[in-house]
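So that the names make sense, note that chain A is the first sequence line, chain B the second, and so on, each numbered from 1.
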2 protein chains.
Amino acid sequence: MTSKEKNLYEAKAKVLKALAHPTRLWMAEQLSVGEMCVCEFVDQIDVDFSTISKHLSVLKQAGIVEDDKRGKQVWYKLKVPCVLNFMSCVEAVLASNAKEQAELLK
Amino acid sequence: MTSKEKNLYEAKAKVLKALAHPTRLWMAEQLSVGEMCVCEFVDQIDVDFSTISKHLSVLKQAGIVEDDKRGKQVWYKLKVPCVLNFMSCVEAVLASNAKEQAELLK
DNA sequence: TTGTTATTTGGCATAATAACCAAATATGTA
DNA sequence: TACATATTTGGTTATTATGCCAAATAACAA
């Protein structure tokens with residue numbers, strides 16, 4: 001593998017890694033409906049607001065979301081909505097795993 | 001968020017996390033062409049064979065690949081090929097990021 | 001200015017990952 | 001049986017990720 005290829009896989013992995021956390025995945029799905037203010041995330045899950053801010057920062061760094069400051073609030077929205085296309089396949093993986101588990105119990 | 005929803009996001013994140021490593025992503029892409037023996041991975045990248053085995057184990061645990069032992073060799077193949085559908089979107093994210101970088105330099 | 005709200009940032013403790021080496025296991029061959 | 005090959009597993013260490021708290025910053029209101 002050339003070093004160029006290596007860099008490409010590292011870049012791709014970074015994008016996936018940004019989504020590969022339950023809270024961030026949830027955030028991305030929430031944003032599929034429309035933009036949200038940081039305060040809305042804070043209201044909906046029970047983690048420290050600084051933690052929420054950092055998760056959003058990871059998504060932003062990866063280029064998945066973008067932010068927009070309006071007054072005291074910061075609004076986030078999906079920049080590349082296709083990331084949610086992943087989900088149907090991820091669910092297919094989970095369904096496949098569940099089926100296999102079920103087979104084992106027969 | 002209910003605990004059931006939380007479990008679901010954790011399960012989904014686990015699948016994404018399995019792919020969110022440069023080596024494992026590369027492996028998944030290699031497997032899109034067809035099944036491969038562990039020894040073939042060993043020949044193609046410069047990491048310890050035990051490391052390769054562990055990466056394959058992560059992909060297997062996540063339900064993304066399955067293995068098949070034949071003689072001394074173990075062959076891996078994609079179990080849920082749709083995982084590669086991710087890639088076009090990941091590339092779209094990278095392209096978007098690159099474009100933004102370019103804008104900054106103007 | 002002072003205070004209040006919204007968000008980010010820095011610091012720290014803890015947990016999870018990753019990579020290597022060595023040892024164990026499994027299979028096939030001499 | 002003894003040996004070689006292919007792969008997995010266990011152990012160790014270094015790096016990275018996570019989450020909380022406290023402090024800093026920004027915007028607006030009194």
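The closest side-chain heavy-atom distance from Glu5(A) to Trp26(B) is not below 4.5 Å. The shortest side-chain heavy-atom distance between Asn85(B) and Phe86(A) does not fall under the 4.5 Å cut-off. Within the 4.5 Å cutoff, side-chain heavy atoms of Leu59(B) are placed close to those of Leu19(B). Side-chain contact check for Arg70(B) versus Trp75(B): some heavy-atom pair is nearer than 4.5 Å. Within the 4.5 Å cutoff, the side chain of Pro22(A) has no heavy atoms near those of the Lys6(B) side chain.
Arg24(A) places no side-chain N or O within donor-acceptor distance of the main-chain N or O of His55(A), the cut-off being under 3.5 Å.
Within the 4.0 Å cut-off from OP1 or OP2 of dA17(D), not a single side-chain nitrogen or oxygen of His55(A) is found. Between dA6(C) and Tyr76(A), no contact under 4.0 Å exists linking OP1 or OP2 to a side-chain N or O.
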Using a 4.0 Å heavy-atom cut-off, write out nucleotides 21-30 of chain C from 5' to 3' as B (base contacted by protein), S (sugar-phosphate only) or - (no contact).
BB---SBS--

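Between the CG atom of Asp67(B) and the P atom of dT7(D) there is a distance of 11 Å, given to the nearest Å. Rounded to whole angstrom, the span from the CD atom of Gln73(B) across to the P atom of dA4(D) amounts to 19 Å. Counting to the nearest Å, the C1' atom of dT7(C) and the CG atom of Asp68(A) are 14 Å from each other. The NZ-P distance, from Lys17(A) to dT16(D), rounds to 9 Å in whole Å. The distance from atom CG of Leu56(A) to atom P of dA6(C) is 16 Å, rounded to the nearest whole Å. In this structure, Gln61(B) places its CD atom 16 Å from C1' of dA16(C), rounding to the nearest Å.
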His21(B) and Lys17(A): side chain to side chain contact (heavy atoms under 4.5 Å, CB included), yes or no, with the steps?
CA-CA 7 Å; His21(B) 184 285; Lys17(A) 194 181 283 190; 5.9 Å; no

Show your reasoning for whether side chain to side chain contact (heavy atoms under 4.5 Å, CB included) applies to Tyr76(A) and Val38(A).
CA-CA 7 Å; Tyr76(A) 281 84; Val38(A) 178; 3.5 Å; yes

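Within the cation-pi definition used here (under 6.0 Å to the ring centroid, within 45° of the axis), Lys12(A) qualifies as a partner of Tyr9(A).
Taking every heavy atom of residues 18-45 of chain A and every atom of DNA chain C, pairs under 4.0 Å involve Cys37(A), Val38(A), Cys39(A), by number.
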